[in-house]
Amino acid sequence: MLESKQPGLYAMRHSLAHIMASAITRLYPGVKLGVGPVIDNGFYYDVDLGDKQLSDADFEKIEAEMRKIVAENQPFERFTKRINEAIAWADEAGQPYKEELLHDLKRSGTTIASELDSEELGLPTDGTNKVEEVSFYRNGEFTDLCRGPHVESTGAARAFKLMRVSGAYWRGKDSNAQMQRVYGVGFTTEKELRQYLAMIEEAKQRDHRKLGQELDLFVFSELIGPGLPLFTPRGTILRRQLDNFVQEMRDEYGYQEVSIPHITKKDAYIASGHWDKFEHELFKITTREGHEFAVKPMNCPHHTQLYASRSRSYKDLPIRYRETTTCYRDEQTGELSGLSRVRAFTQDDAHVFCRTSQVEDEVLKVWDIVDRFYGTLGFELSVRFSTHDPKTMDAYSGSEEKWQSVEEQLLSIVKSKVGESYIAGVGEAAFYGPKIDFMAKDAIGRTWQVATAQLDFNQPEGFDLTYVNEEGERERVVMMHAAIMGSIERFLSVYIEHVAGRFPVWLAPEQIRIIPVNQDEAVKQFTKDVVANAKKLGLRVAIDYDNESVGKKIRAAELMKVPYALVIGQKEVESGEVVPRVRKDIEVSEEHEARTVEEFLNTVANETKSRVNKTSL
RNA sequence: GCCGUUGUAGCUCAGUGGUAGAGCACCUCCAUGGUAAGGAGGGGGUCUCGGGUUCAAAUCCCGACAACGGCUCCA
């Protein structure tokens, strides 16, 4: 993030990577080093220790050694070598990974693999310059190929901690050897380090997998399969409410709901271009007659056929289809994670078919919906303009010229909305077109990619989608893909953690919990009346009939993060008034001792309708 | 898919070679309770699954599956 770009902090983190590598070299002579760059909040170093597997238990030893090196206050000395001398050095030092990098540098002036490597080595990434000379840094007995910068000496290192070790492929390629990547964090002060560790702890507390279990929102079953979440009644209410919100807004903007089957012939994906790229991620079905089908991994081909089902006039455009529907992708098991990455996910999908001249309007409509949706849910949004990478054109459909012109058009829309304050996502485009990706910043400062609007000039070709213009000629239609939540599952994972399971009243699966003090007939009757009236208003209410103390029931309601709890006893029966207990995070504007049941219920109904998370109760 | 770690009751976890435990949850009874845990009793586990070693395996070994931390991937 930004802070790691601060020159001082960056240099310190980079120096910590070297200090760690020095420590590991001292402790495990013969270690072969990969690369050790700066990352958000810290650094890592890739090491090849042969058969020795590092574990958390080794961190203490390494950290102790690092502290020693810091105490020794070794100066960081920069020097250079001719490329051939450098290669000889790597060979002699028994550093084959470094040697490989150096050979690449010599040959082509770049390490190609990924930008990370090049950046780490401080080289031009365009591959034009051959390297004649490379820089090294030495601290104490440790020398490393490196462009720097570094701090003056190891004594300048401040607060750090090793976090974890994991596998990482040499140069990020899964066909390469796997090394051990040791992650550390580094800060200028102990206080910042403590704050960071506290944030990690907070994130753990908010983990949607933990909350999903505690709040009874969704489950996984080993019998059903990995990556296939099952939503409980409570979780399903969340999904429904969120989707209703999106779809209400879409209706305002002229979208029409459609409905499609979940499987299709293979031919649809050949026409769309998906078969080529994603065949191995499809769940395939062969019918008893030998025809090949696939479970849908996306909805565009189906929607194109609705469009193509009759001839379209320019007067019909734009045509906007919306549908919330589940897609299935055969993700690798190692990539699955809670609701963030699943094999069955539900998209709040939409496809707009329009003329080029209508693109701007349509993008802005999506943008409006995105702003309203994420604004209501309390996220701060940023925008990424995701374009093709000219260096890897074979990953995309369509010509370079077409890509450039479409991106130009989309970029002018982005600029009209946010000026220059967008993130350039080169190489982040879909294979069929550029995207505007919306990134949401959550309550503890993490950003997630959420909504997306994608221009597609390839599938209209593949499916031959046209309309008839004013002159009676057929013209190619433009297609836009737009999802607000993206995948509801993934969105929920972000949102649950954003609010830490404390859903606003309009979303809370259970909005009101009634806690009868005893089993008296009058109390029972009163309770039943409250429930009946609440249901008439469409409120979600439950009664806790357990034979437990009031205190315990309050606690249970609190743990389930129910917004309102009503204790009903003799007092309420006699007065007809209730004193709602309001969940602590809900902002209370004007507090009242007691309200009639009717007043209370109407207030909650209004809060639900207006989708606010504050109350006048 | 790859590397590593883990897998004991619905949940959180203890148990390291001699045939399984706690707290919470659940059920029953008592208590008729007033805003974050009232009391007593009870039920519940092929110790993920399949092989192996051993007189004996939750415990040791191998394999599969699953979860977790990363890597790779993400229409």
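We name chains A, B, ... by the order of the sequence lines, and we start the count at 1 in each one. Here the structure is a predicted model, which is why all the values come from computation and not from measurement.
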Asks: What is the distance, rounded to the nearest whole Å, between atom NZ of A:Lys552 and atom C1' of B:A36?
Replies: 11 Å

Asks: Does B:C74 pair with anything, Watson-Crick or G-U wobble, both distances under 3.5 Å, and if so, with which nucleotide?
Replies: none

Asks: Hey, what do you get for OH (A:Tyr328) to CZ (A:Phe283), rounding to the nearest 0.5 Å?
Replies: 10.0 Å

Asks: Output yes when A:Arg476 and A:Asp464 qualify as a salt bridge under the 4.0 Å nitrogen-oxygen rule, no when they do not.
Replies: yes

Asks: Which whole-number value in Å describes the distance from A:Asn518 CG to B:U32 C1'?
Replies: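 Going from CG in A:Asn518 over to C1' in B:U32 covers 6 Å.
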
Asks: Take atom CG of A:Asn547 and atom C1' of B:A40, then tell me their distance rounded to the nearest Å.
Replies: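 Value for this atom pair: 14 Å.
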
Asks: Classify the nucleic acid contact of A:Gln180 as base, sugar-phosphate or nothing, counting any heavy atom under 4.0 Å across all strands shown.
Replies: nothing

Asks: Could you check which of B:G34, B:C3, B:U32 has an atom nearest any side-chain atom of A:Val550?
Replies: B:G34

Asks: Which letters describe nucleotides 65-75 of chain B, given B = protein heavy atom under 4.0 Å from base, S = only from sugar-phosphate, - = neither?
Replies: -SSSBBBBBBB

Asks: Check the distance between B:A36's C1' and A:Glu548's CD and give it to me in whole angstrom.
Replies: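 A:Glu548 atom CD is separated from B:A36 atom C1' by 13 Å.
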
Asks: Determine whether the aromatic ring centres of residues A:Phe278 and A:Tyr269 are separated by less than 6.0 angstrom.
Replies: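 No.
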
Asks: Would you indicate what A:Glu572 reaches in the nucleic acid, counting non-hydrogen atoms under 4.0 angstrom: base, sugar-phosphate, or nothing?
Replies: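 The residue A:Glu572 makes base contact.
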
Asks: Report, as yes or no, whether the 6.0 Å neighbourhood of atom NZ on A:Lys528 holds more than 12 heavy atoms from other residues, nucleotides or ligands.
Replies: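 No, because the 6.0 Å sphere around NZ of A:Lys528 holds 12 heavy atoms or fewer from other groups.
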
Asks: Find the partner of B:G17: check Watson-Crick (N1-N3 plus N6-O4 or O6-N4) and G-U wobble (N1-O2, O6-N3) distances, both under 3.5 Å, and reply none if neither fits.
Replies: none

Asks: May I have the distance from A:Asp48 (atom CG) to B:C3 (atom P), rounded to whole angstrom?
Replies: 14 Å

Asks: Under 3.5 Å for both donor-acceptor distances, Watson-Crick or wobble: does B:C49 have a partner, and if so which one?
Replies: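 Because both required distances fall under 3.5 Å, B:C49 counts as paired with B:G63.
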
Asks: Counting just side-chain N and O atoms, does A:Lys524 come under 4.0 Å of either OP1 or OP2 of B:U32?
Replies: no

Asks: When the distance from CG of A:Asp546 to P of B:C29 is rounded to whole Å, what number comes out?
Replies: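 Distance check: A:Asp546 CG to B:C29 P gives 13 Å.
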
Asks: Could you tell me the separation between the CG atom of A:Asp58 and the C1' atom of B:U5, rounded to a whole number of Å?
Replies: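 Rounding to the nearest Å, CG of A:Asp58 and C1' of B:U5 are 13 Å apart.
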
Asks: Would the A:Phe600 and A:Tyr564 ring centres measure less than 6.0 Å apart?
Replies: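 Under 6.0 Å, so yes.
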
